[in-house]
Protein chains: 2
Amino acid sequence: MGKLLVVGSVALDTVATPFGEANEVLGGSATYFSTSASYFTSVDLIAVVGEDFPEKHLAFLKSRRIDLAGLERRPGQTFRWRGQYSHQLNEAQTLDTKLNVFESFRPKLPAQYRTPDVLFLGNIDPELQLEVLSQVTRPALVACDTMNFWINGKRDALWKVLEQIDVLIINDGEARALGEHPNLVQVAKKILSRGPKHLVIKRGEYGVLMFDGRGYFGAPAYPLEQVLDPTGAGDTFAGGFLGYLAATGNRSPDAFRQATIFGSVMASFTVEAFSLDRLRVLDYKEIEARFKEFKRLTHFEDLPT
Amino acid sequence: MGKLLVVGSVALDTVATPFGEANEVLGGSATYFSTSASYFTSVDLIAVVGEDFPEKHLAFLKSRRIDLAGLERRPGQTFRWRGQYSHQLNEAQTLDTKLNVFESFRPKLPAQYRTPDVLFLGNIDPELQLEVLSQVTRPALVACDTMNFWINGKRDALWKVLEQIDVLIINDGEARALGEHPNLVQVAKKILSRGPKHLVIKRGEYGVLMFDGRGYFGAPAYPLEQVLDPTGAGDTFAGGFLGYLAATGNRSPDAFRQATIFGSVMASFTVEAFSLDRLRVLDYKEIEARFKEFKRLTHFEDLPT
């Protein structure tokens, strides 16, 4: 079982959707990622929280086999995000972001974290992503996320990151902004020509597309009767995707396709409740059952050859 | 090979996309549908054109084995539609609609059209769809399309149509408007409880979802490097879907899934060029090849049981 290292945010979220509200609940990209990945492998977490971060959240993360030696606690307040969703649940509207201790976050890796098998650079300043890369022995697999704020504001540093990674996991709006083209096939060609060997494009309720230079793989999202809160779906996807690849060590095209489905499975659970509430009570048997439902959902008979 | 009957519009379109323009070209829901279906089976067409409708278009439709005994030519001008698309190609902006002879269209079926195996009620006034239904011996399979204009303006007549059909083929915005709910799973339950046994939801570049009361089937759209003109994609999908089902006579769940893929294949060709230009030069071998590409695009290994 491979060692998986993630760097990203641990936050307290306040979220309103048409179906309810959650105040000051556990959130953050690294939180969703590592909880999701923890169903497949053990996870080392690099992040920062403030003095106000509740002990119960630390206890939860520990209960999920997530190593917190790299979770720094600093004077000040924890990163807070406040957002809302309309009935069109695919996109969050950010109402307020207070970076707090996250503003001066400089990831420092404990010695035992410096030889991961798989590394996920969550959505942080690309210059910090480069600092993390400089502190590790090149892992077998490096993946990264980003957002339009960095695509527009730190494009050069971001391309330096992309030159050094294997998998870029972003949403379709980000892909179009980074590739500077509306057509995703052309965007994929452009991005894959500059470093990453895989581009995974998350499309929320519309599913996911993966490009690998030889072709593509597409899967719909799991049709859910009720989506309570889409927050963290993308990071949960990445956690399932990389958690599975870290656990198996398999890097075949088939393994990447299965990883995409495991990512989709984990994301489909996350959005069924606010915060990490669904992932808290999830059972691995449920994950396997939904994977098989994805198979039934997408299967059709090929034509005779 | 089953007999397929379609009622809908035959039009002259003027379309502008970021990649070019087409002036007064062949268009209309029944045109796209029947040309697409003609790759699978013979088609009887019910529609109306004006005195100005070019002979060359009639010659083209005839060349595709489309029976034109039900294509009425009336005094006046042919239905004209003018629209444009931005780089976000998923939705047309209508600039002008001139119904012309289509305004007083009353479908009258020639005697030899009254016993079709499969009937497609294209997007016309639901009261006219009811008139068509009253003129046929109940076919083995009846499918229908509609649009927000009828969903909002003639809801009662539309539900009367839906009570009598087997398959409703609409886009996701229309499904949400008809089901009066943002969640597509709940929309599907509601619609399927009132008549149709299958609901096919077209999502443009995001693919398609089919609900059949027992479960669902999802497929991505074919990732194209260039989409020149999305006009007619939905009707082309319906033509491939029903053309295949009419040709085989198979009504198994597997056949409906394959039909969904054939519909997606046909739509993926249509958008590669303006008007019917790609369908004009298409070869059945290309259709089979792209079907197999859909299989490669969506296949993943199931978990061991």
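Chain naming here is simple, since letters A, B, ... match the order of the sequence lines and numbering starts at 1 in each.
Of the atoms belonging to A:L89, not a single heavy atom falls under 4.5 Å from chain B. Heavy-atom distances place both the backbone and the side chain of B:L303 under 4.5 Å from chain A. Heavy atoms of B:R296 lying under 4.5 Å from chain A belong exclusively to its backbone.
Ion pair B:K292/A:E301 not flagged as a salt bridge, since none of the NZ, NE, NH1 or NH2 atoms sits closer than 4.0 Å to an Asp/Glu carboxylate oxygen. Salt-bridge formation is detected for the pair A:E225/B:K189: a Lys NZ or Arg NE/NH1/NH2 atom is positioned less than 4.0 Å from an Asp or Glu carboxylate oxygen. Salt bridge status for A:D166 with A:K197: present, with a side-chain N to carboxylate O gap under 4.0 Å. B:R214 has a carboxylate O that lies under 4.0 Å from a charged side-chain N of B:D212, or vice versa, which qualifies the two as a salt bridge.
Counting non-hydrogen atoms of neighbouring residues, nucleotides and ligands closer than 6.0 angstrom, the CD atom of A:E91 reaches no more than 12 such neighbours.
In terms of non-hydrogen atom pairs under 4.5 Å with chain B, the most contact-rich of A:P220, A:G215, A:P18, A:G218 is A:G218. Ranked by heavy-atom pairs under 4.5 Å with chain A, the list B:Q226, B:E205, B:M210 is led by B:E205.
The shortest side-chain heavy-atom distance between A:T270 and A:E272 does not fall under the 4.5 Å cut-off.
Listed here is the closest heavy atom pair of B:V43 and B:S38: CG2-N, 4.0 Å.
When each of A:F262, A:F294, A:F291, A:F269 is checked for a ring-ring contact (aromatic ring centres under 6.0 Å, His included) with A:Y222, only A:F294 meets the rule.
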query = Would A:Y39 and A:Y284 satisfy ring pair (Phe, Tyr, Trp, His ring centres under 6.0 Å), going step by step from the backbone distance to the final call?
reply = CA-CA 7 Å; A:Y39 280 89; A:Y284 191 75; 7.5 Å; no
message = For A:F19 and A:D229: C-alpha separation, side-chain torsions, deciding distance, then whether side-chain contact (heavy atoms from CB on, under 4.5 Å) applies.
response = CA-CA 8 Å; A:F19 312 106; A:D229 174 14; over 6 Å; no
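Applying a 4.5 Å heavy-atom cutoff, the residues of residues 177-184 of chain B that approach chain A are B:P182, B:N183. The interface of residues 230-260 of chain A with chain B, defined by heavy-atom distances below 4.5 Å, comprises A:D254, A:R257, A:Q258.
Distance check: B:Q84 CD to B:T14 OG1 gives 12.0 Å after rounding to the nearest 0.5 Å.
A cation-pi arrangement, defined by a distance under 6.0 Å to the six-membered ring centre and an angle within 45 degrees of its axis, is absent between A:R203 and B:Y206.
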